[in-house]
Structure formats: structure tokens, C-alpha cells
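First the structure, in the form of C-alpha cells, and then the observations on it.
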Number of protein chains: 2
Amino acid sequence: MFLVKGYEATGIAEILREAGVNSGSLYYFFKTKEDLLLAVLDWYTAHLRPEVIDPVFARVNDPIERVFGVLESYRTMLTMTDCRMGCPIGNLAIEMSEQSESVRRKILLNFENWRHVVRQCLVDAGGRLPKDIDRDDLSTLVLTVMEGAVMQARAHRSLKPYDASVALLRDYVLRLEAAARASYSNVTPSN
Amino acid sequence: MFLVKGYEATGIAEILREAGVNSGSLYYFFKTKEDLLLAVLDWYTAHLRPEVIDPVFARVNDPIERVFGVLESYRTMLTMTDCRMGCPIGNLAIEMSEQSESVRRKILLNFENWRHVVRQCLVDAGGRLPKDIDRDDLSTLVLTVMEGAVMQARAHRSLKPYDASVALLRDYVLRLEAAARASYSNVTPSN
DNA sequence: GTCTATAACTCGATAGAC
DNA sequence: GTCTATCGAGTTATAGAC
């Protein structure tokens, strides 16, 4: 609920009702509402690889296609929720970054975790991308596009902004690959 | 305060204190808290051009540079607020899109307003961009990159993700311009 | 049109029985 | 470890004097 509706908009009473427990039980495990959020963010960090990344990597082998496979899985999330939920972390990133320092740090960790996966794919792509394109920066752009596109899709209640953004990101990557091929053939004359 | 801290996190009492008025005055003009937010969003729509766009357009003439000039002004906002505030609409877009339909519509209007400015620049760029690149889609990508980059800059409390994202967007646009030049010389042989 | 006072309610959190 | 009952503060919004 924090991830979907946001922190402030989610009341403890609502959480208790949904969980079918009483406040005593919740406060036995979590000292405060913020403590509960921190635990949710830890859970989400642990959940990214087994639930989101691994299924994509199991069916896609090409490192660059894997990146777009991950983006595809966020598209699926938008589809299934009628564009009401995209990346759950992005919501909280904006709402909580200046309200709580410890929450901000955990959100950062989630972003870095995500970006690490993408960066590894880009590194695995090796010479298919121009060597003067920083892989870390490119992984930042991929996260940027995902988050910005999800935001617009939610505001529009439509996949169109998401699809348009990802399609142009793909166009960019294709042009990067073409440039890498061209510069490769400069160094090593073909046949 | 809605734009900086979010809707739920901003209390009426806080607004009254900051404004130096009493609740009776506020509720004389605005029926509810949501009504006040809707008025703020209207105000923001009206202020985009005179306060954000016009100053940039006054000092930059090149249509493509104008787009990056606008992005530069969001960078300035991040700098001045120590990366605590970027695009004020993005915050609300995520927080309020599913809480209130009328708020969502006004946020959409703000996005469309912004995107319209960028799209016009891209249309003005004419043949400098490949003709098979949809200008509307590209304006979506520009907004996507701005919002996603601002989100990460806030989470990191650093300009680095913003700068990296915008630099790669510029690299993409440069490659698009190069491609347009190349295809132009195919049609109209040079000299 | 602005004030003070407060209604009506929800919030996060606690106490203590079981 | 979970329950019920409730505290105290904070919330949005209203009433009525001026």
C-alpha cells in the first residue's frame, strides 16, 4: 500500500484492516509507521532479483535485449494495474526523499540495486556499444527513462507515453550499436 | 508547499501560518483543501510560459538549444534547492494521480502544456531531425528524461544523475542530427 | 472579508488483559 | 504474540461574532 498509494495517504487503520490484524500486533513488530516502511523497502530490495530480474533473464540471453526485457516487465505491471502502478519505488522517492533521511537512503539503495543489474548488461554488451559511452551513465539513463515514462503513463492513464519513450530509447541504443560497428570496421578493416 | 512537500504532507495549519491568515479567510475563498490544490495547479499552468519558458527563449534562439535551455533551467532549480526540488508537477503526478481524478486531469494539462513547448521547438528544427522520428514522441522522451532525472537527483541529493541523463539525451539528439544530414546528402547530392 | 473558537473526525501509538 | 480499548495530538472544516 505504501508503494501504490504513497506513505502519507496510507493509514495504519487501513493496513490493519487489509492485513486482518489489530494494532497491538503490528506495533509488537514495528515500533513506528516509518519503521514499517523501512522494512517494506528492505523487502523490496531483496525481491527485485528473484521476482523481477531472474524471470526476464531466464527467457532472454542477449545482454541488451535483457535491458529491454526488464523495461517490458514494468510495462506489464502498468498494463495489469490499468496504469495505476508502475515502479513502486519512484513514488516514494519523490514523496519521502526530504521527509526522512533513512527512507531516502533505502530508496537510493533500491535505485542502485536496479541500476547495477542494467549496468552489468551494458558491460556484458562489450564492444557492441561505443567505448566512449560510459556504461554507468547509460544505466542511469535507462532508469531515468523508465521512471519518467512510468510517471507520464500514470498521469495519462495510458501506455502511450511509456511506449513512445522506450521505443526512442531503443532507437538510441540501435544507433549506438551502429556507431560501434562503424568505428570497429575503422580499426579492423573488413575482410 | 503542495509542490515542494506534497499534498498530504502539507497541513492547512502550516499553510495558514506561512500565509499569515486564519482558517476563516482561506475557507472563504476555497471550499476544500483539494480546491486549493486545483487552484495552485491552474496558477502553475499559467506561470510556465512567462516564468520558465520565455526567459530561456529570450536568450536562446536555436530551436534545439532551446529544449536544452529549458532542461538547464530545471538543473538550476535543483542547484538552488540542494536537489530537494526539481519539477514540482512530477511530485504531485505520482502522489495524486489515483487519489483525485480532477487533480490528475490538471496535472496532465501541465504536462501537455510543457510538452507542447518542446514539441514546437522540435517542429521548428525541421529537417535537422530525421523525418521518420515523430516529434510528438520525441517531446515525450524529453519530458520523460527530465522527470526521471529529477527524481534520481532528488534521491541521490546530487546533480550527477541529472547531468548524466541530459548529456546522453544530447548525445542522442546529436546522432539524430547527424543521421538527418546523412540522409539529406543522399537525396540532394552535395555540390 | 477576516477573525476566534471549536466541532467532528482521523491519525499514529500505547496500555494492559489474555 | 494478539487482542480491545483508548489516549492525545493533529487533521480538515465550520459557526458565528465583528
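Reminder, nothing fancy here: chain letters follow the sequence lines and each chain counts from 1. A quick note: this is a predicted structure, and the numbers were derived from the prediction, not measured.
Residues B/Glu112 and A/His156 are in side-chain contact: their nearest non-hydrogen atoms beyond the backbone lie under 4.5 Å apart. Between A/Val70 and A/Val142 there is no side-chain heavy-atom pair separated by less than 4.5 Å. With a 4.5 Å cut-off on side-chain heavy atoms, A/Leu41 and A/Val103 count as touching. Counting only heavy atoms from C-beta outward, the side chains of B/Glu101 and A/Arg157 approach each other to under 4.5 Å. Annotation: side chain of A/Arg75 is in contact with side chain of A/Leu159 (closest heavy-atom distance under 4.5 Å). Residues B/Thr140 and A/Lys160 have side chains not in contact (no heavy-atom distance under 4.5 Å, counting atoms from C-beta outward).
The pair A/Asp124-A/Arg66 fails the salt-bridge criterion, with no side-chain N (NZ, NE, NH1 or NH2) lying under 4.0 Å from an Asp/Glu carboxylate O.
For the contact set between residues 91-105 of chain A and DNA chain D, defined by any heavy atom under 4.0 Å, there are no members.
Judged by distance alone, the side chains of B/Ser165 and B/Gln152 never bring a donor and an acceptor atom under 3.5 Å apart.
Between its two ends, the helix from C/dG1-D/dC18 to C/dC18-D/dG1 turns its axis by 10°, counting five pairs per end and rounding to 10 degrees.
Every pair passing side-chain hydrogen bond (donor to acceptor under 3.5 Å, both in side chains) that includes a residue from residues 167-180 of chain A is listed here, sequence neighbours excluded: A/Glu65-A/Arg170, A/Arg128-A/Glu177, A/Asp171-A/Arg175, A/Asp171-B/Tyr172, A/Tyr172-B/Asp171.
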Scoring nucleotides 5-15 of chain C by protein non-hydrogen atoms under 4.0 Å (B base, S sugar-phosphate only, - none) yields B------SBB-
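The side chain to side chain donor-acceptor pair (under 3.5 Å) test applied to A/Arg105 returns no partner, not counting sequence neighbours.
The distance between the ring centers of B/Tyr44 and B/His47 does not fall below 6.0 angstrom.
Between A/Tyr74 and A/Trp114, the ring-plane angle classifies as perpendicular under the 30° and 60° cut-offs.
Along DNA chain D, the stretch of nucleotides lying under 4.0 Å from any heavy atom of chain A spans, 5' to 3', D/dG1 to D/dA5.
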